[in-house]
Amino acid sequence: MSAQNTLNVCLGHLPFPQTHERHIDLMIAPRLIAGPTRLALVDDSSFGPHGSALSEYVQLLWLLERLDGIAAGCEYVRISHYRRFVSPESPPVGQAPSNLPWATTLRAEDLDAFASAFPRTCTTELFNTPVQGHGGMLFQYAQSHVLEDMLNFAKFLLEKDILGALDIAEFLAAQIHIPSCNIGTFRIESYKAIFGTLRRAAEFLDSPYFVPRPGYQRRSVGFLLERLNSFLIVKRIQSGRSPSSFGHNLVISDGLVVSGTQ
């Protein structure tokens, strides 16, 4: 396959390392940043006064609405973050494991070894590293976030007929979770299907069930959408609409500790 069929999109409030920005066709950022030659500025306020609760889903849903134009002629769209991407190949022996069991860190100067993670020609989808949880999605969410938000979100999904009752029960009991599941390589059809559902689910932000949270929990709807995003990918794989194709979660970091972003 010689013709380019894949668009590389990067998300973040910081640019991808400048020495390797050749891998990025479009940067989508919530505020103006220096560096990228092709930058789309998509402020969180485009989803209202609490838009920041959606985290990077503000930018991902913006892309959904414009995908036919931005990715015209492409069969795939690859999503990465300014410090995180999916590699189809295992990290080299000796690469540093991080404080996140499902991720491996590397320094920006080591990116040359991972050029295969950013080809402009693809033949299949590639999803992020799945992990096996204990106690189901509801228990996993309650360990790090506000349980009330997940319960209200599930009720919203049911009331709006976004998921049926059995699907919601399966969602809350899911043992498999794909952290940072919105990065990876998606067929255009898959992206539209997954993020079309997430766009409807994002209306939770404007529902009476939404409760603004302070600090790290400020991004509550983004955390909820990530869990639903993971569930939708797994369901596509189970139905045969997408391949069971998983890569390796790599994080660009100077150290082994991957800190959360506010």
Side-chain angles (χ1 to χ4, degrees), residues 7-67 70-71 77-87 98-100 102-111 114 117-118 128 144-145 178-186 191 195 198-199 202 205 210 212-227 229 249-262:
L7 181 76
N8 287 346
V9 176
C10 185
L11 311 172
H13 62 281
L14 295 172
F16 199 72
Q18 187 174 5
T19 53
H20 291 79
E21 64 178 10
R22 66 186 181 278
H23 294 310
I24 305 303
D25 300 314
L26 173 66
M27 182 81 195
I28 311 179
R31 59 175 179 263
L32 189 63
I33 56 178
T37 55
R38 190 180 180 196
L39 171 68
L41 184 61
V42 182
D43 193 271
D44 293 343
S45 63
S46 60
F47 274 82
H50 297 295
S52 61
L54 292 169
S55 193
E56 69 266 21
Y57 282 93
V58 169
Q59 290 74 42
L60 288 160
L61 295 176
W62 178 92
L63 177 63
L64 170 69
E65 296 171 358
R66 296 158 179 82
L67 193 59
I70 291 175
V77 57
R78 176 177 293 105
I79 307 295
S80 61
H81 292 176
Y82 73 95
R83 64 172 184 170
R84 187 188 302 271
F85 63 96
V86 181
S87 171
S98 74
N99 58 306
L100 305 177
W102 55 85
T104 301
T105 61
L106 73 154
R107 296 173 300 175
E109 53 265 37
D110 296 328
L111 272 169
F114 296 94
F118 300 95
N128 213 344
S144 303
H145 307 294
I178 307 173
S180 301
C181 51
N182 54 39
I183 66 172
T185 304
F186 301 83
Y191 192 95
F195 287 87
L198 295 175
R199 179 64 185 90
L205 185 69
F210 170 69
R213 304 290 181 189
Y216 179 63
Q217 300 301 333
R218 173 181 57 86
R219 298 185 291 153
S220 61
V221 186
F223 298 141
L224 295 166
L225 292 178
E226 179 186 5
R227 270 66 179 187
N229 192 348
N249 191 328
L250 295 180
V251 182
I252 302 168
S253 175
D254 291 331
L256 301 184
V257 177
V258 179
S259 60
T261 55
Q262 292 295 324

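In the displayed structure, Gln18 atom CD is contacted under 6.0 Å by at most 12 heavy atoms of other residues, nucleotides or ligands.
Closest heavy-atom contact between Ala29 and Leu39: CB-CD1, 3.9 Å. Contact record, Val58 with Ser46: CG1-OG, 3.7 Å, taken as the closest heavy-atom pair. Nearest heavy atom pair, residue Gly12 against residue Pro30, reads O-CD, 3.4 Å. Taking both residues in full, the closest heavy atoms of His50 and Pro212 are given as CE1-CG, 3.7 Å, listed atom of the first, atom of the second, then distance.
Here the CZ-CD distance, from Arg219 to Glu56, works out to 7.0 Å after rounding to the nearest 0.5 Å. How far CG of Leu54 is from CG of Leu205: 5.0 Å, rounded to the nearest 0.5 Å. Note that CG of Leu7 is 5.0 Å distant from CG of Asp25, once rounded to the nearest 0.5 Å. The distance from the SG atom of Cys181 to the CD1 atom of Ile79 is 12.0 Å, given to the nearest 0.5 Å.
Within the 4.5 Å cutoff, side-chain heavy atoms of Asn249 are placed close to those of Ser180. At least one side-chain heavy atom of Ile33 sits less than 4.5 Å from a side-chain heavy atom of Met27. At a threshold of 4.5 Å between non-hydrogen side-chain atoms, the residues Asn128 and Pro179 do not count as touching. At least one side-chain heavy atom of Val9 sits under 4.5 Å from a side-chain heavy atom of Ile28. The closest side-chain heavy-atom distance from Ile70 to Leu63 is below 4.5 Å. Counting heavy atoms from C-beta outward, Pro15 and Ile24 have side chains that stay 4.5 Å or more apart. Taking the side chain as every heavy atom from C-beta outward, Tyr191 and Leu64 approach each other to under 4.5 Å. Looking at Tyr82 and Leu11, their side chains never come closer than 4.5 Å, going by heavy atoms from C-beta outward.
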For this session: Kindly determine whether Arg199 and Phe195 satisfy side chain to side chain contact (heavy atoms under 4.5 Å, CB included), including the steps that lead there.
Result: CA-CA 6 Å; Arg199 179 64 185 90; Phe195 287 87; over 6 Å; no
Problem set entry | Residue pair Leu198, Tyr57: steps toward the side chain to side chain contact (heavy atoms under 4.5 Å, CB included) verdict | CA-CA 9 Å; Leu198 295 175; Tyr57 282 93; 3.8 Å; yes
Exercise. For Leu111 and Thr19, what are the C-alpha separation, side-chain angles and deciding distance, and is it a side chain to side chain contact (heavy atoms under 4.5 Å, CB included)?
Worked result: CA-CA 9 Å; Leu111 272 169; Thr19 53; 5.6 Å; no
For this session: Check the pair His145 / Ser220 against side chain to side chain contact (heavy atoms under 4.5 Å, CB included), numbers first and verdict last.
Result: CA-CA 8 Å; His145 307 294; Ser220 61; over 6 Å; no
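Under the side-chain hydrogen bond (donor to acceptor under 3.5 Å, both in side chains) rule, Asn8 has a single partner from His23, Arg78, Arg22, which is Arg78.
Neither side chain, Asn182 nor Glu226, offers a donor N or O lying under 3.5 Å from an acceptor on the other. Between the side chains of Ser253 and Arg107, no donor N or O sits under 3.5 Å from an acceptor N or O.
Pairs engaging residues 27-48 under the ring-ring contact (aromatic ring centres under 6.0 Å, His included) rule: none recorded [sequence neighbours left out].
Between Tyr216 and Phe223, the distance separating the two ring centers is shorter than 6.0 angstrom.
Partners of Ser87 under the side chain to side chain donor-acceptor pair (under 3.5 Å) rule, at least two apart in sequence or in another chain, do not exist in this structure.
For the pair Arg84 (side chain) and Ser80 (backbone), a donor-acceptor distance under 3.5 Å is absent.
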